[in-house]
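Scroll down for the structure; my scribbles are underneath it.
Chain letters run A, B, ... following the sequence lines, proteins first and then strands; every chain starts at 1. Since this is a predicted model, take the numbers as computed values, not measurements.
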Amino acid sequence: MVTPAASHSRPDPWPDAADLLVWYDRHRRALPWRALPGTVPDPYRVWLSEIMLQQTTVAAVKPYFARFLERFPDVSALAAAPEETVMSAWAGLGYYSRARNLHACAKAVAASGAFPDTVEGLRKLPGIGAYTAGAIAAIAFDRPAAAVDGNVERVVSRLFAVEQPLPAARPALRGLAESLVPQERPGDFAQAVMDLGATLCTPKRPACALCPWMLPCQARREGTQETFPRKLKREAGALRRGAAFVVQRAGDGAVLLRTRPPTGLLGAMAEPPTSEWRPDYDVAQALLDAPLDARWKRLPGLVRHVFTHFPLELTVFSARVAADTPAPDGMRFTTPAGMADEPLPGAMKKVLAHALEQKLAPPPAPAQPPEPDLATPPPAEPPPRRAPVPKVLSRRPIAAAPPRKGGPRKG
DNA sequence: TACACGTGGGC
DNA sequence: TGCCCAAGTGT
C-alpha cells in the first residue's frame, strides 16, 4: 500500500521525540493507572485502563477503574468472577462487548500465566485491537510500538498536514506515527503523544503556542491546524420507537426484568421487557407486546435515548401485579435490594426512573379518571421528558449508580 | 470498507 | 438544542 505523495507534507524540521519527552516530563498528567516515574507499570492495570478508555473519557473511567481494582485486584480475580458480576460492575460505561471481551481475556491470561509482552501476542487476545496492543506493549513493556488512537491521529494529521480524510487515512496515519517512535523510552513516548493530543493538540482551539512540536507542525505553519484531521461525516440513523413495560409486584415492589441476548446491542445486559424498536412502531398496538396480562397504564411523556447510530423513543407502560404473580418464561422479578446487582444500561435506568417518577410524583393537576384506557395517548401531555436519575433513586436505588462526577476534568 | 456498538460532557 | 467528541474492536 503506497501513500500518494501529494497526500501530506514532510515536516522540516522533523518532529523530534526528545522534544516531546522533555515536555512530557514536565507536563504529564497524573492518572490513577499510570505508574509513577521510575516505577514498573502493572500490566493488569495498564490493560484494564486501556480497555475502559476505548472511546471513553478519562473522567468517566476513573470511578470504574477504582471499583474494578477493588473488586478484582488482579487478572485471576477477574477471571474467576461470574460473568454477571463483571457486567454489573461495567454497567453504565457503555460498549458492553468490551466487558464480555475483558472477562474472556482475563480467563485467557490467567490460564497462560501472564500477559503477552509483544504486540503480536497481545493482538490475539479478545478485545485487544491494533491500538490497545500497541499501547500495552509500549506502556507496560516498553516496546517500541506505536499506540495510534484518536489523539495520535489528530496530532499526526496536523504534523504532516494529511489531506486524506478519515477513516481512509488510517493506514497512512499509522505509518507516519510509527516513523516517530523512538528506541529510547517508547512507553513514555506513547503516553506523551496522547497527553499532547488531550491537553494541547485538542480538536478545537489547539494551544499551539505551548506545543513542543510547534516548529515541525505543517498545519500550524499554514494556519490550518483546526481543520485536521479531515473527516467524512456520516449521517445519523433513523429514529426508532418502541414500548417498555415496567411491572411492579405488590408487597416487595420487585420489578420484572429479563436479560438481553448475549451479543448485539446492549448484549447480555438487563432490561424491563420491551417491544421491538422500529421506525414504524405503532404505540397504539403496544399492548400486544406486553409480557403479561395486567391493568396497563400508559405513562405520559417519553424516554429518549441516543445510541451511537440511532435515537430511540420508548413509551413506558406500567402495571402493578399481585404478589404471587409468577414471572413469565425467561424473566425474573428483582427486588429493590437486588437492583444494584442487575447490569442495567443507562437507557434502561431511564425507563425505570421514568416509571418510578410517575408513582412518586403524581401530577398536581385535577384528578384524572383513574383507569385511562390502555392504548390511547394519555390526557394532557405535560413537559416531562428526560427522566433524570436523581433524588428518587438516591432514596430507593434502582441500581448502583456509580459516582459520575469527581476528578478534575482533562485539560 | 462500512457498520454496529453506549454514554456523558462541552460548546 | 444539537452536534461533536472520547485511550477502538469485531464482523
Side-chain angles (χ1 to χ4, degrees), chain A residues 29 31-34 46-65 87 90-102 104-105 122-136 138-140 146-155 165-171 174 177 190-199 202-205 226 229 231-237 260 263-269 304-312 343-350 385-386 388-389 401-407 409-411:
Chain A
R29 288 178 293 173
L31 299 169
W33 42 86
R34 206 112 103 171
V46 174
W47 163 72
L48 180 60
S49 66
E50 288 302 339
I51 301 298
M52 288 184 166
L53 286 162
Q54 289 167 6
Q55 296 290 284
T56 307
T57 58
V58 165
V61 164
K62 279 179 178 174
Y64 283 86
F65 180 78
M87 299 308 291
W90 195 277
L93 241 202
Y95 284 127
Y96 299 101
S97 65
R98 290 186 296 173
R100 297 192 296 274
N101 286 330
L102 183 86
C105 184
L122 289 160
R123 188 66 186 71
K124 295 191 175 85
L125 292 167
I128 298 185
Y131 160 75
T132 307
I136 298 174
I139 298 170
V148 188
D149 70 339
N151 289 126
V152 178
E153 287 177 349
R154 186 169 59 254
V155 169
L166 288 171
R170 215 143 262 157
R174 162 164 284 277
Q191 298 175 88
V193 189
M194 288 190 275
D195 274 19
L196 186 71
T199 64
T202 48
K204 290 164 202 158
R205 309 285 305 246
E226 274 195 74
K231 51 181 64 172
L232 272 10
K233 46 175 64 78
R234 30 197 300 200
E235 48 209 289
R260 295 177 59 90
T263 59
L265 182 67
L266 304 176
M269 300 296 284
R304 296 174 209 277
H305 189 80
V306 181
F307 293 98
T308 307
H309 46 306
F310 68 93
L312 173 68
L344 287 162
M348 298 306 161
K349 286 183 184 170
K350 281 189 203 173
R385 14 160 78 19
R386 51 159 63 290
V389 195
R404 226 123 216 324
K405 267 282 93 118
R409 301 256 130 246
K410 75 146 188 232

Round to the nearest Å and state the distance from [X] atom [atom1] to [N] atom [atom2].
X	N	atom1	atom2	value
A:L265	C:dT11	CG	P	16 Å
A:W90	B:dT7	CH2	C1'	12 Å
A:K204	C:dC5	NZ	C1'	7 Å
A:Y64	B:dG6	OH	P	13 Å
A:K350	B:dG6	NZ	P	14 Å
A:R170	B:dA2	CZ	P	12 Å
A:L93	B:dC5	CG	C1'	14 Å
A:Y95	B:dG8	OH	P	13 Å

Does [X] have a side-chain nitrogen or oxygen under 4.0 Å from the phosphate oxygens OP1 or OP2 of [N]?
X	N	answer
A:Q54	C:dG8	no
A:Y96	B:dT7	yes
A:R98	B:dG6	no
A:S97	B:dA4	no
A:H305	B:dT7	yes
A:H309	B:dA4	no

Could you walk me through whether A:Y64 and A:T56 pass side-chain contact (heavy atoms from CB on, under 4.5 Å), step by step?
CA-CA 11 Å; A:Y64 283 86; A:T56 307; over 6 Å; no
NA contact type, [X], heavy-atom cut-off 4.0 Å: base, sugar-phosphate, or nothing?
X	result
A:L31	base
A:G264	sugar-phosphate
A:W47	nothing
A:A130	sugar-phosphate
A:R100	nothing
A:P167	nothing

Can you find a side-chain donor-acceptor pair between A:Q54 and A:Y131 that sits under 3.5 Å?
no
Kindly assign one of parallel, tilted or perpendicular to the pair A:F307 and A:H305, based on the angle between their ring planes and the thresholds 30° and 60°.
perpendicular
Say we look at [N] and [M]: how far apart would their [atom1] atoms be, to the nearest angstrom?
N	M	atom1	answer
C:dC5	B:dG6	C1'	14 Å
B:dC5	C:dA6	C1'	15 Å
C:dT9	B:dG8	P	22 Å
B:dT1	C:dG10	C1'	14 Å

Closest approach of A:I128 to A:C105 (non-hydrogen atoms, all atoms of both residues)
CD1-SG, 4.3 Å
Any donor-acceptor pair under 3.5 Å between the side chain of A:T56 and the base of B:dG6?
yes
